[in-house]
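Below is one structure, written out as structure tokens, with a few remarks after it.
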Amino acid sequence: MQVIIFDDAQQVAVNAAEWVAELITKKKNPVLGLATGSTPISLYQQLVNKYKAGELSFKNTTSFNLDEYLGIDADNEQSYRHFMNQNLFNHVDINIDNTFLPTCNQGENPREQGLAYEEKIKQANGVDLQILGIGANGHIGFNEPTSSLASRTRIKTLTQQTLNDNSRLFNKDEFQPTLAMTMGIATILDARYVLLMATGESKAQAVKDMVAGPLSAMCPASALQMHENAIILLDKAAASKLEDQEYYHWANNQNIKVNEEFGLYHNY
Ligand code: F6R
């Protein structure tokens, strides 16, 4: 794992945007894995700004989102499709037909839909760079604690903690789904690079468990310890419970030096 600690959330977003921009400008047909939630909104703003400044085109990009609620339509304002349209897709030149979410409409078999999503990712030649947030309980995507580390796209029942955490986004009289379709942990680990963003004090314990805890289904994000190219971008608050912060800063400076000498190399 490469742990990089920034002074604030804005710097996390700026750095994450550089990763995305590098992939999109260098690879002919880039495949992005995307996340929803509060954390990546500032990343998407950065990407929209870069597009508007003429620095970036999403014309040849395909995207796969981590998850989507079950039981609400795509045009529902609470759907993750709506979130992605609002925060990114409507503001850049991505071909909307090349943007995918693991949807499962009423009457469709979620197991078949999950397998079909896996197949679609394979046909696109896999995800190059997967953006992730992290839940306060250590979830990635909607892989809640106890999720199999070998899981694939399927239905998950959200925990009470996740429902409480996300209830801030729903009005009192609004239906809050308790089920979602989500990429599995093995699906996420298949991505060539994973870039996890975590900001704020509420994520500090989950970040500690992910980086320094045991590999455990009780902290699904700890599965990233098994990934060859996992980059963890943190602000100070999210990193506050990590004991080896000095080492992470030092190791990051060494990486910067190697990059300066030999050039940046990402094997997409
Ligand atoms: C969203 C997702 C979730 C969020 C996590 C953190 O697509 O997969 O794992 O990344 O719940 O959400 P925020 O960023 O709202 O704290």
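Order of appearance sets the numbers: ligands from 1, and atoms from 1 within every ligand. Basis for what follows: all heavy atoms, side chains included, without hydrogens, waters or symmetry-related copies. Just so it is clear, the structure is predicted and the values come from calculations on it, not from any experiment.
The aromatic rings of Tyr268 and Tyr193 sit tilted relative to each other, their planes meeting at an angle between 30° and 60°. Ring pair Phe100/Phe64 is parallel by interplanar angle, where below 30° counts as parallel and above 60° as perpendicular.
Protein heavy atom at the shortest distance from atom 6 (C) of ligand 1 is Ile134 O, 3.3 Å. The single protein non-hydrogen atom nearest to atom 10 (O) of ligand 1 is Gly133 CA, 3.3 Å, given as residue, atom name and distance. From the protein, the heavy atom lying nearest to atom 11 (O) of ligand 1 is His139 NE2, 2.6 Å. The protein heavy atom nearest to atom 1 (C) of ligand 1 is Thr36 OG1, 3.1 Å. The closest protein non-hydrogen atom to atom 14 (O) of ligand 1 is Thr39 OG1, 2.5 Å. Nearest non-hydrogen protein atom to atom 15 (O) of ligand 1 is Ser38 N, 2.8 Å. Counting protein heavy atoms only, atom 3 (C) of ligand 1 is closest to Gly141 O, 3.5 Å.
Which parts of ligand 1 touch Asp67 is read off a 4.0 Å heavy-atom cut-off, strictly below it: atoms 1 (C), 2 (C), 7 (O), 8 (O). Residue Gly37 has at least one heavy-atom neighbour below 4.0 Å for each of these atoms of ligand 1: 14 (O), 15 (O). Less than 4.0 angstrom separates some heavy atom of Leu66 from each of these atoms of ligand 1: 8 (O).
Distance alone, capped at 3.5 Å, places no donor-acceptor pair between the Ser222 side chain and the Leu215 backbone.
With respect to the salt-bridge test (charged N to carboxylate O, under 4.0 angstrom), the residues Glu144 and Lys156 do not qualify. At a threshold of 4.0 Å, the pair Asp93-Lys59 does not count as salt-bridged, since none of the basic side-chain nitrogens sits closer than that to a carboxylate oxygen.
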Let me see the working for Ser147 and Ile185 under side chain to side chain contact (heavy atoms under 4.5 Å, CB included), right down to the final yes or no.
CA-CA 8 Å; Ser147 287; Ile185 295 176; 4.0 Å; yes
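Counting heavy atoms of neighbouring residues, nucleotides and ligands inside a 6.0 Å radius, atom NZ of Lys27 exceeds 12 of them.
Ligand 1 has a nitrogen or oxygen under 3.5 angstrom from a nitrogen or oxygen of Lys203.
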